[in-house]
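Just so we're on the same page: letters track the sequence lines, and every chain starts at 1. Just so it is clear, the values below take in all heavy atoms, side chains as well, and ignore hydrogens, waters and symmetry mates.
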Amino acid sequence: MMKKIIFIGLFTMILFGCGNSNKQQSAVSDTPVVAISVDDLYKNATNLEDKEVVVKGTVTHVCKEGGARCFLMGSSEDVLIRVEAGEKIGSFNQEQIGNELEIVGIFKMVKTEADAHNPGHMQGEGEEANNEDAQAEHAHKMMAASQEASEVVYFIEGLKVKEL
Amino acid sequence: MNIRKLLRTLHRDLGYYIVAMTLVYAVSGIYLNHRHDFNPDYKIYVTDFQIPYSIRKEVNDEGMKKIIENINEDIVYKKHYVNKEGLIKIFIENGEAVINPETGKGTVQYLKRRPLIFSINKLHRASIGTLWKWVSDIMALILIFVAISGLFLLKGKKGFGKWGWWWTIAGIVVPLIFALLFI
């Protein structure tokens with residue numbers, strides 16, 4: 001019985017492992033090559049909405065409860081974009097603060113900052129997001145202030161991350 | 001093989017198999033429960049310091065590297081910028097520092113991963129990619145099986161029907177009370 005269980009366990013891992021590597025390969029082949037800055041991302045925001053983008057910037061903050069999201073900074077601390085790690089990236093680490101990251105992801109727009117910060121809220125997710133720390137709150141305020149009338153907020157649904 | 005014997009065998013072997021993951025979920029569960037009391041992943045060390053002189057805000061990378069690495073030899077400089085309040089924010093390996101350029105006062109914050117706990121928290125949160133999500137689902141299903149099958153292992157006076165259900169109900173009542181009162 002024990003041998004059977006071990007065999008089934010190994011077989012399952014190999015099966016899922018194969019499936020996963022195929023997905024990663026296809027993601028890589030679809031990836032656009034040139035990374036743009038956070039400033040350029042905002043300049044072309046209307047054209048890039050809901051499209052796959054590659055953005056590079058400095059990580060100024062990683063959410064402390066699990067690293068589900070981080071903020072990338074452009075030319076100044078007023079130019080920030082929130083990146084959701086999502087299932088593909090998993091999570092960011094606090095050690096990545098100050099590092100230059102290149103993110104592949106889908107550029108998204110939501111209407112209010114509250115929705116933007118917790119896109120899964122309507123589906124009942126996001127206890128973690130509701131318990132955000134003060135530093136992230138500050139980042140949200142800066143983001144909202146940097147965007148006219150604070151009604152449209154952009155973020156990136158992360159697909160892939162690379163340390164530069 | 002009768003059903004009860006099969007159940008016993010599966011319960012025994014899968015029980016051995018799932019010990020490690022049960023400990024992962026239980027131990028990291030305690031840390032994650034206290035995530036508002038302390039950081040479950042990192043130990044955070046905060047130290048105040050004073051530079052014996054004021055600095056120009058426009059100090060270059062090399063200059064800032066010398067200043068910050070002089071404070072403590074363990075600090076490894078990454079980069080810096082001046083924030084809206086005019087403070088210099090410096091990113092260092094595993095942390096960050098802030099210096100008031102006029103007074104020379106500063107604060108440095110180091111992060112150190114909690115050995116083992118950092119990793120098991122990641123496993124618990126299933127935040128290491130898609131593959132682990134599915135593997136941990138299977139682990140959770142095994143855990144459910146071990147829990148349910150455990151109810152039906154014993155016959156007689158101490159079996160589920162005569163004795164076990166009291167304990168089972170007691171285990172349901174505690175979370176149920178909290179759910180009814182607070183959710």
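- At distances below 3.5 Å, not a single donor-acceptor pair connects side-chain atoms of B/Y81 with backbone N or O atoms of A/E77.
- A chain of hydrophobic side-chain contacts below 4.5 Å, direct or via other Ile, Leu, Val, Met, Phe, Trp or Tyr residues, connects A/I36 to A/I156.
- Between B/K79 and A/E100, at least one side-chain nitrogen of the basic residue sits less than 4.0 Å from a carboxylate oxygen of the acidic one, meeting the salt-bridge criterion.
- Counting heavy-atom pairs closer than 4.5 Å to chain A, the top residue among B/V82, B/I92, B/N83, B/N39 is B/N83.
- There is a path of hydrophobic side-chain contacts, each under 4.5 Å, that joins B/I88 to B/I75.
- There is a path of hydrophobic side-chain contacts, each under 4.5 Å, that joins B/I18 to B/L6.
- Contact of B/D41 with chain A is made through the side chain alone, with heavy-atom distances under 4.5 Å.
- By the neighbour-count criterion of 12 heavy atoms within 6.0 Å, atom CZ of B/R113 is densely surrounded, having more than that number from other residues, nucleotides or ligands.
- A single hydrophobic cluster is not seen to contain both B/F38 and B/F118; linkage of ILVMFWY side chains at heavy-atom distances under 4.5 Å, directly or through other members, places them apart.
- Using a 4.5 Å cut-off between side-chain heavy atoms of Ile, Leu, Val, Met, Phe, Trp and Tyr, with links allowed through other members, B/F160 and B/L154 fall into different hydrophobic clusters.
- With values rounded to the nearest 0.5 angstrom, A/I89 atom CD1 is found 14.5 Å from B/I128 atom CD1.
- Listed for the B/K78 side chain is a donor-acceptor partner under 3.5 Å among the backbone atoms of A/I97.
- The shortest heavy-atom contact between B/F91 and A/T60 is CZ-CA, 4.0 Å.
- The shortest side-chain heavy-atom distance between B/L111 and A/K64 does not fall under the 4.5 Å cut-off.
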